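Working notes, beginning with the structure itself.
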Amino acid sequence: MSKKYAKNNLAVCIGDTTAKKKVLLGMSGGVDSSVAAILLKEQGYDVIGVTMKLWESECEGVEGGCCSITSTYDAKRVCDKLGISHYVVNLKKEFQEFVIDDFIKNYSECKTPNPCIKCNTHLKFDSMYKKAIELGADYIATGHYAKTEYSEKYKKYVLKKSKSISKDQSYALYTMPKDLASKVLFPLGDFENKEEIRKKAQTAELNVSSKPDSQEICFIPDNDYINFLETNNVNLKGGDVVTTKGEIIGKHKGLHRYTIGQRKGIGISSKEKIYVVKLDTTTNTLVVGKEEELYSRVVLAENINLLLVDEINEPMKVAAKIRYSAKENIATIYPLENGIMRIEFENPQRGVTPGQAIVFYTIEEGIVLGGGTIIS
């Protein structure tokens, strides 16, 4: 008797003449992508594991780091245990160009980029998908916490938030090309927490079941991003620290050393708590103020990618978030000229940061409408 699974993007029959659908799964050697491999196999897919070699240098020897030899071996051991093929693909050149160089360029312009979004855009949704086509795969998959599914309402495949709100990563996936939504699988989308993932790995006796999560910026293993930037020739000149009223109260050591919302490490003594509210590149000044001066209702964004619709020609009410860790808030988006979007929030947002992403969701279904890069 055949056994049928209906999950994600297709129904797969096992035990009859129906051919299995092939999926190329990105495997970092961590527990999430390893469990994703288990789930895809259980759903009847022919799974191929691929580990992207992205970065070398110092992180090559970091135990458990995403670029380390250990992680590549971990991914291979999981694939061997599950009986699936495993490839290592060298994408160092692409990672350098689209992620690392972009990171350095943005900081040199006093913007705060999100390297994970750039990696998803150029590596997973581009290079990895091209590799999938080369290997004859029908889909690509990753261990992200998100969901793709067919929407009867919109008559298309859509990207949605995962069941686990605390782990949801749909924010970092908004740059997915809309025609790829039907070709991408996120097996972890229905899990509610990480404990369930680890339990699944333990049951399968995978050696990565207790492996800690990877760090946020994989190519800066010691998390000293200032040293990384200055080693890569981002060494902006010092200048004045001024209040929002224009009063000079001290000196800064280079705008690349500060971020919007920062309170500690400014180097200014004050009776009141002061925060970085603006990096003014025109005057090379670090603008500081009270916490309430960090809030704003209006955000401008560029480089808009729309997933759910082809274009927005009139104001639209959405749920939007201005950073990965932020809560969604109701806002209205207004299309302007030259591909710019104006987003007006009902409630003021704290620490709007140029270079970060703003992502829009449908209010009721939690479907990713699209997003863009914050200008101001």
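Predicted model only: the values in this text are computed from it and were never measured. Only heavy atoms go into these numbers, but all of them, side chains included; no hydrogens, no water, no symmetry mates.
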**Asked** Any chance the rings of Phe103 and Tyr225 have centres within less than 6.0 Å?
**Response** no
**Asked** Would you call Arg263 and Glu291 a salt bridge, using N to O less than 4.0 angstrom?
**Response** no
**Request:** Report yes or no: do Asp102 and Asn106 form a side-chain donor-acceptor pair below 3.5 Å?
**Result:** yes
**Message:** Taking ring-ring contact (aromatic ring centres under 6.0 Å, His included) as the cut-off, I'd like each qualifying pair that reaches into residues 327-376, sequence neighbours left out, listed once.
**Reply:** none
**Step-by-step side chain to side chain donor-acceptor pair (under 3.5 Å) determination, Thr244 to Glu293** = CA-CA 8 Å; Thr244 51; Glu293 294 177 287; 2.5 Å; yes
**Request:** Verify the cluster assignment for Ile367 and Met176: are they in a single hydrophobic cluster under the rule of side-chain heavy atoms below 4.5 Å apart?
**Result:** no
**Prompt:** Do Lys194 and Glu196 meet the salt-bridge criterion of a basic N to acidic O distance under 4.0 Å?
**Reply:** no
**Item:** Side-chain donor/acceptor of Asn284 to backbone N/O of Lys237, under 3.5 Å
**Value:** yes
**Prompt:** Do NZ/NE/NH1/NH2 and the carboxylate oxygens of Lys183 and Asp138 come within less than 4.0 Å?
**Reply:** no
**Message:** If the threshold is 4.0 Å, N to carboxylate O, is there a salt bridge linking Glu134 and Lys131?
**Reply:** yes
**Prompt:** Does CD1 belonging to Ile248 count more than 12 external heavy atoms closer than 6.0 Å?
**Reply:** no
**Asked** For Glu292, does the CD atom sit with more than 12 other heavy atoms under 6.0 Å from it, leaving out its own atoms?
**Response** yes
**Request:** Give a yes or no on whether Lys253 atom NZ has more than 12 heavy-atom contacts from other residues, nucleotides or ligands under 6.0 Å away.
**Result:** no
**Asked** Between Asn347 and Tyr295, is a side chain to side chain donor-acceptor pair (under 3.5 Å) present by the stated rule, with each step listed?
**Response** CA-CA 9 Å; Asn347 298 311; Tyr295 288 83; over 6 Å; no
**Asked** Passes side-chain contact (heavy atoms from CB on, under 4.5 Å), Glu365 versus Lys161? Steps please.
**Response** CA-CA 9 Å; Glu365 306 99 336; Lys161 291 184 290 186; over 6 Å; no
**Message:** Check for me whether Lys167 meets the cation-pi criterion with Tyr145, that is, NZ or CZ under 6.0 Å from the six-membered ring centre and within 45 degrees of the ring axis.
**Reply:** yes
**Request:** Give the intermediate values and the outcome of side-chain contact (heavy atoms from CB on, under 4.5 Å) for residues Lys317 and Ile363.
**Result:** CA-CA 8 Å; Lys317 185 164 285 191; Ile363 295 173; 3.6 Å; yes
**Request:** Begin from the C-alpha positions of Glu346 and Asn329 and carry the test side chain to side chain donor-acceptor pair (under 3.5 Å) through to its verdict.
**Result:** CA-CA 7 Å; Glu346 291 187 357; Asn329 281 267; over 6 Å; no
**Message:** Same cluster or not: Leu307 versus Ile140, using hydrophobic residues (I, L, V, M, F, W, Y) connected whenever any side-chain heavy atoms lie under 4.5 Å apart?
**Reply:** yes
**Request:** Might you confirm whether atom NZ of Lys156 has over 12 heavy atoms from other residues, nucleotides or ligands at distances under 6.0 Å?
**Result:** yes
**Message:** Does this structure show an ion pair linking Glu192 with Lys163, if we count only N-O contacts that are shorter than 4.0 Å?
**Reply:** yes
**Asked** Run the side chain to side chain donor-acceptor pair (under 3.5 Å) check on His86 and Thr51 step by step: do they pass?
**Response** CA-CA 8 Å; His86 178 251; Thr51 299; 2.8 Å; yes
**Asked** Is Asp46 salt-bridged to Lys41, cutoff N-O under 4.0 Å?
**Response** no
**Prompt:** Above 12 or not: heavy atoms from other molecules or residues under 6.0 Å from NZ of Lys155?
**Reply:** yes
**Asked** Below 4.0 angstrom, N of the basic side chain to O of the carboxylate: do Glu109 and Lys105 qualify?
**Response** yes
